[in-house]
Every structure is written in structure tokens, then in C-alpha cells.
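Okay, structure first, notes after.
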Amino acid sequence: MLLSDADGLFAALAALKLPRGEYVVCGSAALYVRGLRARMGDLDVLARGEAWERALALGAPEATVSGYGLRVVHPTASIEIMDRWTPGWSTDRLIDDADVIDGVPFMRLGDVLRWKIAAARPKDHADVAAIRHLYRIWTGAAAPLSPPVPNAQGLGQPAAVEGTPAGGEDVRRIPGVRLSD
């Protein structure tokens with residue numbers, strides 16, 4: 001593992017030996033690892049199957065801050081392992097579609113963007129701006145401004161963006177950015 005951070009979070013994550021294909025690192029760490037953030041405060045890990053079972057060995061699960069799903073807090077590192085992301089997000093899709101960087105699966109940037117826009121938290125404004133800036137560098141166009149619109153399967157679909165087809169097909173060709181399913 002080549003990833004490193006000042007707090008040793010990636011080393012603590014590696015020590016858990018979570019099975020590949022059963023977890024994804026979500027949230028701001030996905031920006032940090034791509035150089036879009038100077039630091040991160042914690043790791044938010046979404047897990048299923050055997051990875052979730054290993055998380056349960058760390059301690060008793062408790063309700064997440066959002067009240068959606070359960071989380072296990074690592075006893076010595078700032079790592080939270082959850083069994084669900086936020087409402088409207090498919091655990092399986094987020095894990096299956098992860099970008100693997102230095103052997104670690106990370107949430108795709110398009111998903112991070114959609115989640116941060118939908119969350120509408122002031123602390124996310126700089127992250128949204130950083131992703132949009134990178135998007136403009138890659139394409140010369142602005143990233144979608146609208147949050148995802150849930151479909152029948154509970155997966156978010158971005159609203160139509162002026163100048164692009166509904167679903168953001170143009171964005172699908174950019175590695176690490178996925179704004180549609």
C-alpha cells in the first residue's frame with residue numbers, strides 16, 4: 001500500500017484486512033487521495049458482507065449520525081465503518097463501481113459530487129468547487145449543478161444539465177467521474 005496520511009488512517013484501514021470488493025472509502029477521503037484536499041479528518045468506509053462482519057468484530061454497532069443504517073467506530077483510529085451510505089444510495093453500486101487507487105477502493109468523484117451537492121452542507125462548498133474545477137480542466141465544461149433525482153431503484157440520477165443529455169452521458173467517459181448509472 002502506497003497511500004499515506006499524517007494520522008495513519010490508511011495504515012489502520014489496511015490492518016483491518018477488509019476483503020476486496022466488499023467495501024469502499026467514501027466522502028472526503030476520495031478527494032484527499034486524488035489531491036483535491038490537503039487533509040482529511042477521518043475515513044468513512046461503507047462495507048457489506050465479510051467486510052461488515054470484520055467491522056462488527058471491532059465493537060458494537062450503533063446508529064449512524066444520519067440515523068440511516070449502522071456504524072462501527074474503530075477503537076483507535078478515526079475510522080467509521082457503515083453498513084449503508086445515506087438514503088437513496090445503493091451500497092452495492094457504490095462498492096461495485098469504486099475507483100481502486102493503490103489497492104484501496106474509493107467512491108467515484110461523480111458520486112462524491114452528487115452526494116455533497118445533495119447534502120448541501122456549508123463545509124462541503126470547497127469540495128464541490130474543487131471537483132467542478134477538476135471537471136472543467138478535464139472537459140472545458142462546467143459540472144452539473146443539480147443534485148441527484150432518485151429513480152425507482154433508489155439510485156440517484158443527475159437532473160439534465162444544459163448542453164448535455166439527461167443522465168450526463170458526456171461525463172461517463174472521464175475516469176473517476178460518474179454522474180449516471
Consider only side-chain heavy atoms of I, L, V, M, F, W and Y, link residues closer than 4.5 Å, and tell whether L56 and L43 are in one cluster.
yes
Might you confirm whether atom NE2 of H133 has over 12 heavy atoms from other residues, nucleotides or ligands at distances under 6.0 Å?
no
Are any of the side-chain nitrogens in D127 or R37 under 4.0 Å away from the carboxylate oxygens of its partner?
yes
Does NZ or CZ of R84 come closer than 6.0 Å to the centre of the six-membered ring of Y68, within 45° of the ring's axis?
yes
Could you check if a side-chain atom of I95 sits within less than 4.5 angstrom of a side-chain atom of E22, using non-hydrogen atoms only?
no
Main chain of F10, side chain of D5: is a donor-acceptor contact present, judged purely on distance under 3.5 Å?
yes
Do L13 and Y23 come within less than 4.5 Å of each other through their side chains, counting heavy atoms only?
yes
Hey, is R114 close enough to D111 for a salt bridge, meaning N to O under 4.0 Å?
yes
Is a side-chain donor or acceptor of D83 paired with a backbone partner of L70 at a separation under 3.5 angstrom?
yes
Would you say the side chain of L58 lies within less than 4.5 Å of the side chain of V73, judging by non-hydrogen atoms?
no
What's the shortest heavy-atom distance between I117 and R132, and which atoms?
CD1-NH2, 3.3 Å
Are L134 and L109 close enough that some pair of their side-chain heavy atoms sits under 4.5 Å apart?
yes
Heavy-atom side-chain proximity of R34 to D99 below 4.5 angstrom
yes
Any donor-acceptor N/O pair, R93 side chain to W89 backbone, under 3.5 Å:
no
With D96 as partner, the option from R108, R48, R20 fulfilling salt bridge (Lys or Arg N to Asp or Glu O under 4.0 Å) is R48
Neighbour count >12 (heavy atoms, 6.0 Å) for atom CZ, R39
no
Below 4.5 Å, heavy atoms only, C-beta onward: do T91 and W85 meet side chain to side chain?
no
Going by heavy atoms in the side chains, are E62 and R71 under 4.5 Å from each other?
yes
